[in-house]
Protein chains: 2
Amino acid sequence: MVRQREFDVDQALEDAMHIFWSKGYEATSLSDLTAGMGIQRPSIYSAFGDKKELFEAALRKYTAAHAAQARSRLLHGESVKEAFRRYFEGIVEESYADPQNRGCFCINTMVEMAPHDEKFEILTREHEMYLGAIFQEAIERGLRSGELHTGVDARSLAQTLVVSLIGLTVMMKARPERSFVDHSVEVILTLIQ
Amino acid sequence: MVRQREFDVDQALEDAMHIFWSKGYEATSLSDLTAGMGIQRPSIYSAFGDKKELFEAALRKYTAAHAAQARSRLLHGESVKEAFRRYFEGIVEESYADPQNRGCFCINTMVEMAPHDEKFEILTREHEMYLGAIFQEAIERGLRSGELHTGVDARSLAQTLVVSLIGLTVMMKARPERSFVDHSVEVILTLIQ
DNA sequence: ATCATAACATACCGATCAGTATATAATGAT
DNA sequence: ATCATTATATACTGATCGGTATGTTATGAT
């Protein structure tokens, strides 16, 4: 009945996600987007709405993937302590390996957008809370199995680990020496006993 | 010999600092600056150089004041543990009390600028390192006085507290529940024994 | 074959961007 | 009083911003 779309909407959104992730919202122009997504301006507007709606869709795609990754890394395997160690060290490793130094898209958005845009304040908060719930689940698994016997409650510990991970991720933007990061990870992991 | 300046350069820089602190670099326009600083465009350029140079001067002013404040809060008083507690709780309190939710100018810059501007990568890293040195000094004071007897070395602990503080400050941007933050502060402070 | 529909590409919109040219006003040395 | 110097205010520059109007092309139902 009608002409069909010539581009893959999901792939275009993925492309947009990487652009916004690299440059943030303000610094990304519509021209950056059309160039990176390989489609023209009206195609963006018809498929995703305006710039901010596209940004929101891109962020949602990111947080969904990011949460799924955290889930799979922390809720499988035998040792919870080892899972957390691998998770934190993995974040550090990926961060050093990224020449663009993008960090976490959700954290970037929290800093850039949350203070003056309630939608993103809520969206980013809920993602971090969800991450905290995943951490808590992992800790409780360790408590049940007898691997862990921590003094503080699982919820508080999980939330503290979220805070620590945010701090670590942000600190990586300034490219600190390896020893700084490695020692910090060690000390943070001592919280998990 | 020549006409003298009609505005206070230091006050104008202070004004610029607050604007950049609120809105970040990209989202701040020259018009925002002229309006907030109460001077005209050519006055900015003649006194401070271009937008990025003004931003750098504003950030340097902020970090100097920020470091001095950390120093005075942590290196005076009897109990080091209490000093850290007051310092962390003060950050949280100020953050909740700020309707603009600006957080820390240096951290904001780390997220927005450091990944693609080496000058700000270095500048922000050095500030965080300096903050770490202040923390370390406080911890070593507590070790000497016998108040503290921590397992990990003072340097690693100090760096971890910097990371935690960054995480806490960034998390505040998403306006989490008080219990989240309070519990996190409690757990973080257990590192200082 | 015709036609309604919608995706496409191009070119445009007014607004705003960072930065500057120009002209005027103030200053102090002479 | 004159003059060089520099701060001031206004108005402008070309470039770019987010967003859209317009005309063309492809599609499938009839």
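Numbers restart at 1 for each chain; the letters A, B, ... are given by sequence-line order, proteins then strands.
Salt bridge absent: B:Glu177 and A:Arg155 never bring a charged side-chain N and a carboxylate O closer than 4.0 Å. Taking the charged nitrogens against the carboxylate oxygens, B:Arg141 and B:Glu78 have no contact shorter than 4.0 Å, which rules out a salt bridge.
Aromatic rings of A:Phe120 and A:Phe55 (six-membered ring for Trp) have centroids within the 6.0 Å cut-off, being under it.
Separating the CZ atom of A:Arg3 from the C1' atom of C:dA7 is a distance of 5 Å, rounded to the nearest angstrom. Atom CD of B:Glu26 and atom P of D:dC17 are 10 Å apart (whole Å). Taking atom CZ on B:Phe7 and atom P on D:dT6, their separation rounds to 15 Å, with Å as the unit. Atom CZ of A:Arg5 is separated from atom P of C:dT5 by 18 Å (rounded to the nearest Å).
Comparing B:Gln4 and B:Lys51 against DNA chain C, the residue whose closest nucleotide sits nearer the 5' end is B:Lys51.
Remark: the backbone N or O of A:Glu112 is not paired with any side-chain donor or acceptor of A:Glu26 at under 3.5 angstrom. At least one donor-acceptor pair under 3.5 Å links the side chain of B:Asp32 to the backbone N or O of B:Ser29.
Within residues 29-49 of chain A, the residues that have a heavy atom under 4.0 Å from DNA chain C are, in order of number, A:Gln40, A:Pro42, A:Ser43.
The environment of A:Glu53 atom CD is dense: over 12 non-hydrogen atoms of other residues, nucleotides or ligands sit within 6.0 angstrom.
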